[in-house]
There are 4 protein chains.
Amino acid sequence: MNRPETPSHLITIPDVQSSRDERRLAIDRVGIKGLRYPLSFADGDDVHATIATCGVYVELPEERKGTHMSRLVALLEERAMPGAAPLSLAGLRGFVDELLARLGAPGGRIEIEFPFFVRKIAPVSGVASLLDYDVRLTAEFAQGEYASTIGVSAPVTSLCPCSKEISDYGAHNQRSLVTIVVKPRKPVRIAELLRIAEDEASCELYGILKRADEKYVTERAYDNPRFVEDLVRGVASRLSSDERFAAFTVEAENFESIHNHSAYARIARGW
Amino acid sequence: MNRPETPSHLITIPDVQSSRDERRLAIDRVGIKGLRYPLSFADGDDVHATIATCGVYVELPEERKGTHMSRLVALLEERAMPGAAPLSLAGLRGFVDELLARLGAPGGRIEIEFPFFVRKIAPVSGVASLLDYDVRLTAEFAQGEYASTIGVSAPVTSLCPCSKEISDYGAHNQRSLVTIVVKPRKPVRIAELLRIAEDEASCELYGILKRADEKYVTERAYDNPRFVEDLVRGVASRLSSDERFAAFTVEAENFESIHNHSAYARIARGW
Amino acid sequence: MNRPETPSHLITIPDVQSSRDERRLAIDRVGIKGLRYPLSFADGDDVHATIATCGVYVELPEERKGTHMSRLVALLEERAMPGAAPLSLAGLRGFVDELLARLGAPGGRIEIEFPFFVRKIAPVSGVASLLDYDVRLTAEFAQGEYASTIGVSAPVTSLCPCSKEISDYGAHNQRSLVTIVVKPRKPVRIAELLRIAEDEASCELYGILKRADEKYVTERAYDNPRFVEDLVRGVASRLSSDERFAAFTVEAENFESIHNHSAYARIARGW
Amino acid sequence: MNRPETPSHLITIPDVQSSRDERRLAIDRVGIKGLRYPLSFADGDDVHATIATCGVYVELPEERKGTHMSRLVALLEERAMPGAAPLSLAGLRGFVDELLARLGAPGGRIEIEFPFFVRKIAPVSGVASLLDYDVRLTAEFAQGEYASTIGVSAPVTSLCPCSKEISDYGAHNQRSLVTIVVKPRKPVRIAELLRIAEDEASCELYGILKRADEKYVTERAYDNPRFVEDLVRGVASRLSSDERFAAFTVEAENFESIHNHSAYARIARGW
């Protein structure tokens with residue numbers, strides 16, 4: 001379902017997409033989904049080479065039969081060319097503006113997901129290693145307004161307060177995933193959002209832990225038990241009192257070590 | 001993260017969940033996620049044995065530290081017992097009412113996803129075979145109001161009108177997934193929603209097609225080209241004019257046979 | 001890519017699949033993959049209604065251009081008809097025999113995966129709930145020999161012996177997945193294989209745990225620390241000394257609570 | 001489940017992994033799985049920045065209780081440091097050698113999967129865009145022998161010969177995935193393997209296609225119908241006659257546009 005541009009000198013073949021639709025139904029979003037592209041992303045001054053999975057959509061007026069899909073891919077192709085400027089949170093608006101201009105669309109939306117890495121220092125040995133996170137950015141112009149969201153998912157350790165309290169020794173713990181989505185009022189870095197999630201957990205994760213580090217993280221988690229409810233309340237407290245965020249959602253999912261299902265909690269404010 | 005009930009005769013151990021939280025943050029949803037359970041589902045008079053993946057959540061007031069997770073699982077366990085009545089769209093409200101009562105919660109939500117099968121008749125040979133779909137139901141009581149949604153995903157064939165028009169022969173086509181979510185005003189059957197999605201496609205799918213059937217579906221798709229935009233407009237037209245639906249969203253995703261990404265479109269109305 | 005049967009009375013249209021291929025390359029396996037069907041499965045006397053994901057393949061001689069795909073689906077359709085006998089481990093051979101006969105094939109293979117449930121009793125409170133597992137069966141006739149495998153995946157708790165030993169209190173633990181695949185010499189039940197996996201873990205999982213149960217499983221895991229190496233060695237020891245198994249593979253994957261990657265181990269013998 | 005190195009000056013805490021196991025069961029593979037790391041990969045002279053998902057395993061002798069997991073992660077961390085040499089097919093052997101030396105292991109295995117991009121030129125318009133593929137490399141030293149495999153997955157178009165032959169117009173087609181795994185005798189580039197897969201399909205895929213290109217790929221697919229059997233036979237013919245490959249497996253999966261399941265075929269030779 002290619003949507004070529006206006007007839008070129010190469011050929012004169014019908015432009016079906018530009019024909020008229022009579023159903024009088026505008027389409028909220030039409031475009032491409034699940035397109036993988038290698039992109040550079042700048043988080044403040046740190047530039048990361050990553051592989052993004054992208055969605056690029058436009059609003060289609062009721063009289064237009066179809067959009068021009070190939071132009072949507074071209075927007076990503078240009079950003080993946082050698083020498084292209086890295087993508088950034090601040091640059092998302094320009095991307096949307098260009099999308100609207102190129103497609104002649106009244107509205108448009110981009111969604112970009114990618115793995116993101118932070119080089120962390122093990123708490124006792126000081127050994128360095130990368131930890132992987134997932135980031136999801138959206139930027140949209142709809143009904144005359146521009147809006148964007150920044151989402152991050154941080155894997156952490158959670159240790160159950162109930163299990164600790166009622167047991168003579170030990171406490172069940174597990175990997176959890178804390179997901180934060182914010183509507184920013186002011187600039188924020190991905191790394192800062194990840195830090196908020198990690199600080200509210202029983203303990204944060206590392207790629208490499210030496211023996212002294214493993215002792216540290218084990219005891220730290222035991223000293224900081226957190227229910228899934230505590231994870232979302234702790235993060236929500238910080239986000240609520242931070243004027244950089246107009247709205248936020250925080251979710252936590254504990255991949256329970258004593259069950260084969262997850263415990264889950266969610267708080268959303270300001271949307 | 002088990003959340004046992006009030007102290008039993010078996011033991012007297014602390015009830016951490018029932019202690020007080022001082023952060024003054026109510027939690028929108030807390031509960032269990034990704035729990036698989038074998039359930040029966042009645043679509044009108046047709047009862048299907050299926051395997052559901054479930055989420056069950058309650059709203060947690062700001063002063064409560066935690067919810068009682070085990071009671072949430074128990075609600076599903078009771079519905080999976082031999083002899084239990086099958087789940088149905090009409091029965092979702094009762095499920096939510098029971099959830100609120102058992103947990104003493106001001107709000108609650110259930111999400112149930114499961115594969116659903118329809119025995120279809122091949123168009124020429126008349127051979128019968130099952131086709132699989134996905135269904136997703138939600139039911140929620142929040143801010144004093146009850147709401148539910150019914151979601152279905154139907155795989156179909158889409159054949160590109162542009163490719164057909166500009167090519168001397170042939171036309172690229174592919175499997176597409178049409179997803180409909182409705183907020184029902186009146187009773188509706190899963191099978192009816194699936195039929196709407198299939199009728200708007202270039203052609204519907206079958207498990208078994210004999211040679212005469214394959215000729216039929218090939219020619220039918222060629223005779224009924226549909227852009228991804230046409231899929232969502234066609235379905236939206238039908239849902240808009242059907243008074244049973246207070247609101248709807250329709251999405252279509254074409255797993256393009258000429259690209260390694262999808263074409264996607266979406267229309268939402270009435271939410 | 002339907003592959004209809006030999007010309008019927010309905011129509012006379014070319015049978016492309018039955019034409020000759022000149023490349024002199026036999027095909028090891030050709031057929032259908034990823035087909036979902038609702039089936040009944042009998043594990044000993046227990047009959048389970050489940051949703052299976054199936055692959056059905058035949059060996060294709062070098063002179064044959066294509067196989068008849070629709071006949072492969074028909075084999076499953078017959079087993080999903082109301083009143084059909086449930087699938088069982090003992091019945092797999094008959095399924096393969098029928099596959100070879102219907103397709104006139106020198107070899108053939110079936111692969112069937114499905115969720116499987118066991119109603120478990122919580123260790124202290126005695127409360128019942130289902131736990132979900134995954135089962136994967138294969139049966140094949142190739143090079144004149146019949147072979148089958150039974151695979152099960154059991155989620156369990158693992159608690160790290162190193163973390164316990166070096167820490168003043170606590171020990172990191174997590175959900176793990178133990179996967180056993182056996183080549184059976186004599187009958188075995190799915191439930192028996194799952195029990196072996198669970199018995200070698202730090203603790204087994206449950207759907208519902210009351211507070212007294214949570215205390216029990218927490219302390220039990222702490223009393224039974226297991227490395228990922230211990231999980232596979234413990235299971236392998238049992239399988240090695242059990243004459244019912246001609247060959248086995250055991251894998252364990254720990255979804256580490258202190259890292260964002262898994263620890264993994266594997267032992268295979270007798271293949 | 002960290003496995004720290006031999007006691008450092010920092011602390012003196014027990015080294016549980018180095019203790020003795022009495023079950024007399026060597027472990028085929030133990031290590032880390034599902035670790036994401038940003039790596040550079042050199043395919044001939046082309047260097048690609050990508051995100052790899054890695055497994056690193058060693059063979060564990062029967063008397064050793066556990067391996068040292070942190071050293072396995074360290075091997076990847078070193079290859080992700082700024083200025084590190086890119087990974088390459090030729091460099092895999094050195095990676096395995098280093099793994100064995102660092103861990104003092106009798107055998108070891110690495111598995112690395114990553115997305116890989118080729119900038120393709122649209123067939124008529126000449127417009128450039130990237131197409132994404134998946135690559136999977138393994139390298140292993142076991143029983144005194146070194147072996148490696150190179151695997152690539154190429155998405156392509158397949159058009160059904162039967163549908164074309166029996167229909168008055170049109171022919172069903174769909175996206176297919178062709179997966180090739182080879183055991184190389186001599187150097188080969190990833191891009192060459194991908195080219196073999198694409199040349200045997202009804203048509204190859206592109207990120208951007210202008211209208212003239214869409215006409216071209218539609219007609220090309222119609223002119224080159226291929227069963228799933230043809231895809232694997234075509235690729236197998238080429239690999240069989242290429243002395244660079246000691247062994248190969250080729251698989252093709254068609255995501256059928258007229259069914260909700262896949263057609264699948266596989267040929268393996270020389271293993």
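- Interface residue B:Phe117: only side-chain heavy atoms are found under 4.5 Å from chain C.
- Taking 4.0 Å as the cut-off between side-chain N and carboxylate O, B:Arg195 and B:Glu192 do not count as a salt-bridged pair.
- For the set C:Leu72, C:Asp132, C:Thr218, the count of heavy-atom pairs under 4.5 angstrom toward chain B peaks at C:Asp132.
- Stacking of B:Arg79 on the aromatic ring of B:Phe95 is recorded, both the 6.0 Å distance cut-off and the 45° axial limit being met.
- No other option in B:Val217, B:Leu35, B:Leu131, B:Asp134 has as many heavy-atom pairs under 4.5 Å with chain C as B:Asp134.
- With chain B as the partner, the residue from C:Ile32, C:Leu130, C:Val127, C:Val73 showing the most heavy-atom pairs under 4.5 Å is C:Leu130.
- Proximity to chain C (any heavy atom under 4.5 Å) is restricted, for B:Tyr133, to the backbone atoms N, CA, C and O.
- Ring planes of B:Phe116 and B:Phe114: tilted class, angle from 30 to 60°.
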Quiz: residues 44-55 of chain C side-chain donor-acceptor pairs under 3.5 angstrom, not counting sequence neighbours:
residue: C:Asp46; atom: OD2; partner: C:Arg189; partner atom: NH2; Å: 3.1
residue: C:Thr50; atom: OG1; partner: C:Pro115; partner atom: O; Å: 2.8

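- With respect to the salt-bridge test (charged N to carboxylate O, under 4.0 angstrom), the residues C:Glu113 and C:Arg136 qualify.
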